[in-house]
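Attaching a single structure in C-alpha cells format; questions to follow.
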Amino acid sequence: MNEKRIHKPRPVSGFPEWLPEVRMVELAWFDHIRRIFESYGFCNIETPSVEELDVLHAKGEDVDKEIYVIERLHKEDGDKEARLALHFDQTVPLARYTAQHFNELTFPFKRYQMQRVWRGERPQAGRFREFYQCDIDVIAVDNLPLHFDAEMPAIMWEVLSSLPGMGGEKIQIRISNRKILMGFLEGLAIPRPDGTTIPLSADLKAEIVRDIDKLEKLGKKTVLQRIDGTGSRAGIGFGLDGIILPFIELCETAYRSADELEIALTNSRDINTGNSTLKEGIEELSFVMDQLKHLPGGAVVADLSIVRGLDYYTGTVYETVFTGDPGYGSICSGGRYDDLAGSYINKHLPGVGISIGFSRLFDRLRQQGKLPVGAKSPADILMVLPADDRRAEASETARILRERGFNVELYHSAAKIKKQMEYAGKKSIPYVWFPPFEDGQPHEVKNMQTGEQQKADAQTWRRS
RNA sequence: GCGACUGUAGCUCAGUGGUAGAGCCCUCGGUUGUGGUCCGAGUUGUCGCGGGUUCGAUCCCCGUCAGUCGCCCCA
C-alpha cells in the first residue's frame, strides 16, 4: 500500500514569491537600480546570508528580537559551534566586511549591495520577514566629506523616480540630522542650585525621541502630552507649553530649502541654539539641503522629526515616504554613522549610506496594479514544430535566430497548430514562427498582436 | 510579544444541525496547417487541525494552528 500524502502547499506569510511575469519586472528593477548605482562608480559585493551572532550583536541589543538564528536540526549536546544568524540588514555585514578586508580595499570604499535580509516580525502590508534591500554606502578612513551625505539621496531620487511603474508616484525624501535632536535633549538638562546640571537619562531621551518620531502620526498635542507624561514620571515637569513646545513646532514643518530652515530657526528663539551639538547638526543639515537644490521642489525636505530607529546613526538621517500615504512606512532610509566598524577593527571608519526597501516598494506597486506586468515568458518567438520529422529544421532555425539575439522557444511536441498557437498566446510570446511544413515552402512569421503573417528568413528577419 | 477579526475546490467566495455549491482557472472537443471570442463536455474538496455537545457537526461550544489587520518596532 502506497498511500499518497499531499502536503497542502501554503505560502509562508512574510516570505514573498512571485509568478514569472512579476518576477520579470522584479529583475528589470534590479537591472535598473544596478545600472544607476554603477553609473556613480559604486562596485558590488555580496556577503553571506549568515553572520556570527556576536557580529550582529555588536550593534546593540535592540535588534535582538528581530534576529533569526540558524542551527542544525540534529545538534548533539556537546557540539560547540559559533551561533549563526541571518543578517537583518546589509550595513552590519558591510562593517564586518570592511574591517576584514581593510588592507585590500581602496578608500573611500563605495559599494552597493542588493540582497535578501531577514527580520522576525509580524508580517503586514509592506512588512516582510524576508525581503530585498538595495544599499549604497561610502566608507572612508578617519574623514568622510559631508557632500557624500547629499550625494546619497540625490542618487536615490534618480533611481526611485525612474523605476518602471513609479511614474505616477509622489514620493518625498525627508532628511534630518540626529545632532539637532540630541543637542536639544542635552539642553534639557536640569539645573541644580550649585550651577551644575543633571542630564536626562538615556532611557528618558530615548522615550522622547520615539514620541517625536510619531509626530506626523499622532499630532502635536498628543506628542506633547506623552512627553510631558514621561517627564512627570521621571520627576521633571516639562509642561505643555514649556521648552518642548517650540521644538515640536519646528519639527512639524517640512522645509524645502536651507533658507526656509534658517528662517524657521531664527524665528524660534526659544530653543537652545547655544548648544554646540545642535548647532553643528543645523549647519550640516543646511549644507546638505543646499547641495540638493537642483532636485525638483519638494523631492527632498528637511524634517526635524525624522530620527530613525537603528542606533548607530550619528548625523544625517534619511527617510522616504509616499506623500499621499506616509503611514505605509519608509521605502528608502539610511544615514551617517561616525564609527561603524569600530567594533571589528581598531580604525576610525565613518560612513554614510542609504537603502531602498525594495520589496516594500515593489509589492506596493504590484498590489496597486501599477507595475508594467506583461509577458509570462522572456521568449520573443515561439518556433512551431510542424511535425516530428521537421524538428531538425525548426531547431536549426531557432539556433540562427538565437545567435542573432532573439529569445526563441521551440515547441516541445508536434501538437496541433491550434494548440501551439494557444500556448504562444497564453505566454504572450509576441511572434510565432512557422518553419516550412513541406520541403521547398518558405518560412513564415505571425505577429500575434496584429495577426499579420508574412514570409521570413531567419538570417534577416526583424521584428515589425 | 499584545489585541481584534477570519479559516469551505488551484483562486474569489456562497451555503445548511441530516450524503457539498457558483464563477474563474484547468483538461478535452467543435474534422483537413493558425491563438485570443463563442458553444458543449469533464476533473477538482480530510468544509484548517484536535476534542466536546448531539442519533447525526462544515454549521453549536472549547482548545490549537494558520492568515489578515492594528499596536510595538522597522525597509
Side-chain angles (χ1 to χ4, degrees), chain A residues 3-16 19 60-67 87-91 114-135 156 160 171 206-207 209-211 213-214 217-218 306-311 313 317-322 327-335 353-364 367 382 384-387 390 411 414-438 441 444-453:
Chain A
E3 199 179 324
K4 192 173 155 201
R5 299 202 63 158
I6 292 177
H7 191 85
K8 222 178 170 183
R10 219 182 280 279
V12 182
S13 172
F15 292 78
L19 291 170
E61 309 283 309
D62 257 25
V63 289
D64 244 41
K65 57 180 182 182
E66 310 261 334
I67 296 178
H87 58 232
F88 56 86
D89 73 359
Q90 297 181 133
T91 307
M114 309 198 294
Q115 291 181 235
R116 286 182 159 133
V117 304
W118 293 266
R119 290 189 195 175
E121 292 190 273
R122 267 240 128 58
Q124 253 166 65
R127 314 185 56 182
F128 300 98
R129 296 196 280 196
E130 176 180 71
F131 57 98
Y132 283 103
Q133 287 190 324
C134 304
D135 286 35
M156 285 310 193
L160 294 173
I171 57 168
E207 196 129 348
V209 165
R210 262 198 295 275
D211 286 335
D213 195 32
K214 294 199 182 81
K217 191 169 172 182
L218 300 178
I306 301 300
V307 283
R308 309 292 306 117
L310 294 169
D311 23 59
Y313 296 122
V317 283
Y318 319 101
E319 217 164 271
T320 310
V321 293
F322 288 102
Y328 184 69
S330 177
I331 50 167
C332 184
S333 333
I354 186 164
S355 167
I356 302 176
F358 183 98
S359 304
R360 171 175 286 180
L361 181 62
F362 185 80
D363 191 44
R364 161 131 179 156
Q367 290 207 319
L382 179 77
V384 163
L385 182 59
R390 306 210 73 89
Y411 196 78
K416 286 185 180 173
I417 300 307
K418 178 188 169 81
K419 194 95 195 248
Q420 303 196 37
M421 301 284 299
E422 225 168 59
Y423 180 81
K426 245 197 302 197
K427 291 180 86 171
S428 13
I429 300 173
Y431 296 96
V432 172
W433 191 287
F434 299 94
F437 285 70
E438 284 163 44
Q441 288 184 335
E444 288 184 14
V445 184
K446 176 166 185 162
N447 179 327
M448 292 294 273
Q449 212 165 11
T450 63
E452 184 185 4
Q453 185 165 331

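Values below: all heavy atoms of this structure, side chains included; hydrogens, waters and symmetry mates excluded. Just so it is clear, the structure is predicted and the values come from calculations on it, not from any experiment. Below, chain A is the first sequence line, B the second, and so on; all start at residue 1.
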Query raised in the report: Within less than 4.0 Å of OP1 or OP2 of B/G70, is there a side-chain N or O belonging to A/Gln124?
Result: yes
Query raised in the report: Using 30° and 60° as the class limits, which term best fits the ring planes of A/Trp118 and A/His87: parallel, tilted or perpendicular?
Result: tilted
Requested in this report: Under 4.0 Å between any heavy atoms, over every strand shown, what does A/Phe128 touch: base, sugar-phosphate, or nothing? Just pick one.
Outcome: base
Report task. For nucleotides B/C26 and B/C2, find the distance between their C1' atoms and express it as a whole number of Å. Result -> 43 Å
Query raised in the report: Taking CG from A/Asp211 and C1' from B/C73, how many angstroms apart are they, rounded to a whole number?
Result: 14 Å
Query raised in the report: What interatomic distance, in whole Å, is found between P of B/U37 and the corresponding atom of B/U44?
Result: 25 Å
Query raised in the report: Hey, is the side chain of A/Arg119 poking within less than 4.0 Å of OP1 or OP2 on B/C73, counting only N and O atoms?
Result: no
Query raised in the report: Out of B/C72, B/G67, B/U68, which nucleotide sits closest to the side chain of A/Pro123?
Result: B/U68
Report task. Would you indicate, yes or no, if B/C74 has its OP1 or OP2 atom less than 4.0 angstrom from a side-chain nitrogen or oxygen of A/Ser330? Result -> no
Report task. State, without any angle test, whether A/Gln90 and A/Asp135 hold a side-chain donor-acceptor pair at a distance under 3.5 Å. Result -> yes
Below 3.5 Å is the cut-off: list the nitrogen or oxygen pairs between protein and nucleotides 41-44 of chain B, distance only.
none

Query raised in the report: When rounded to the nearest 0.5 angstrom, what distance separates SG in A/Cys332 from CD in A/Gln133?
Result: 10.0 Å
Report task. Sticking with atom P, work out how far B/C5 lies from B/G45, rounded to a whole angstrom. Result -> 33 Å
Query - Donor-acceptor contact below 3.5 Å, side chain A/Tyr328 vs main chain A/Arg360 - result: yes
**Report entry** RNA chain B: stems of at least 3 consecutive Watson-Crick or G-U pairs whose donor-acceptor distances fall under 3.5 Å
**Finding:** B:1-7 with B:65-71, B:10-13 with B:21-24, B:26-30 with B:38-42, B:48-52 with B:60-64
Query - Presence of salt bridge, A/Arg129 and A/Glu121, under 4.0 angstrom - result: no
Requested in this report: Rounded to the nearest angstrom, tell me the gap between atom CD in A/Glu121 and atom P in B/G1.
Outcome: 13 Å
Query raised in the report: Would you say A/Gln420's side chain and A/Leu385's backbone share a donor-acceptor pair under 3.5 angstrom?
Result: yes
Requested in this report: Under 4.0 Å between any heavy atoms, over every strand shown, what does A/Ser13 touch: base, sugar-phosphate, or nothing? Just pick one.
Outcome: sugar-phosphate
Requested in this report: Taking atom P in both B/G42 and B/A4, compute the distance separating them and give it to the nearest angstrom.
Outcome: 48 Å
Query raised in the report: Between atom CG in A/Asp89 and atom C1' in B/C74, what is the gap in whole Å?
Result: 11 Å
Query raised in the report: In whole Å, what separates the C1' atom of B/A66 from that of B/U54?
Result: 29 Å
Report task. Go through the steps to decide whether A/Lys427 and A/Tyr423 satisfy the test side chain to side chain donor-acceptor pair (under 3.5 Å), and finish with yes or no. Result -> CA-CA 6 Å; A/Lys427 291 180 86 171; A/Tyr423 180 81; 2.9 Å; yes
Query raised in the report: Between B/G50 and B/G36, how far is it from one P atom to the other, in whole Å?
Result: 45 Å
**Report entry** B/C62 versus B/G7 - spacing of their P atoms, nearest Å
**Finding:** 15 Å
Query raised in the report: To the nearest Å, how far apart are A/Asp213 CG and B/C73 P?
Result: 8 Å
Query raised in the report: Is there a side-chain contact between A/Ile171 and A/Phe322, using heavy atoms and a 4.5 Å cut-off?
Result: yes
Query raised in the report: Got A/Pro430 and A/Asn447 here, is their nearest side-chain heavy-atom distance under 4.5 Å?
Result: no
Requested in this report: Tell me what A/Lys217 touches on the nucleic acid: a base, only sugar-phosphate, or nothing, going by heavy atoms under 4.0 Å.
Outcome: sugar-phosphate
Contacts under 3.5 Å, N or O only, protein and nucleotides 30-36 of chain B:
residue	atom	partner	partner atom	Å
B/G33	O6	A/Gln441	OE1	3.1
B/G33	O6	A/Gln441	NE2	3.2
B/U34	O2	A/Lys446	NZ	3.4
B/U34	O2	A/Gln453	OE1	3.3
B/U34	N3	A/Gln453	OE1	2.8
B/U34	N3	A/Gln453	NE2	3.2
B/U34	O4	A/Gln453	NE2	2.7
B/G35	O6	A/Met448	O	3.1
B/G35	N1	A/Met448	O	2.6

Requested in this report: Indicate, with a heavy-atom threshold strictly under 4.0 Å, whether A/Arg127 touches base, sugar-phosphate, or nothing.
Outcome: base
Requested in this report: State, with a plain yes or no, whether a side-chain heavy atom of A/Tyr318 is found less than 4.5 Å away from one of A/Thr320.
Outcome: no
Query raised in the report: What is the distance, rounded to the nearest whole Å, between atom OH of A/Tyr318 and atom P of B/C74?
Result: 19 Å
Query raised in the report: Side-chain contact, heavy-atom cut-off 4.5 Å: A/Trp433 with A/Leu382?
Result: no
Query - Value in whole Å for how far the P atom of B/C65 lies from CZ of A/Arg122 - result: 11 Å
Query raised in the report: Can you find a donor-acceptor pair, distance only, under 3.5 Å between A/Arg360 side chain and B/C74 base?
Result: yes
**Report entry** C1'-based separation of B/C59 from B/U16 [nearest Å]
**Finding:** 7 Å
Requested in this report: For A/Glu319 and for A/Val12, find the nucleotide of RNA chain B with the closest heavy atom, then tell me which residue's nucleotide is more 5'.
Outcome: A/Val12
Query - Cation-pi check, A/Arg119 onto A/Phe131 ring (under 6.0 Å, within 45° of axis) - result: no
Query raised in the report: Would you say A/Lys446 and A/Tyr431 make side-chain contact, with heavy atoms under 4.5 Å?
Result: no
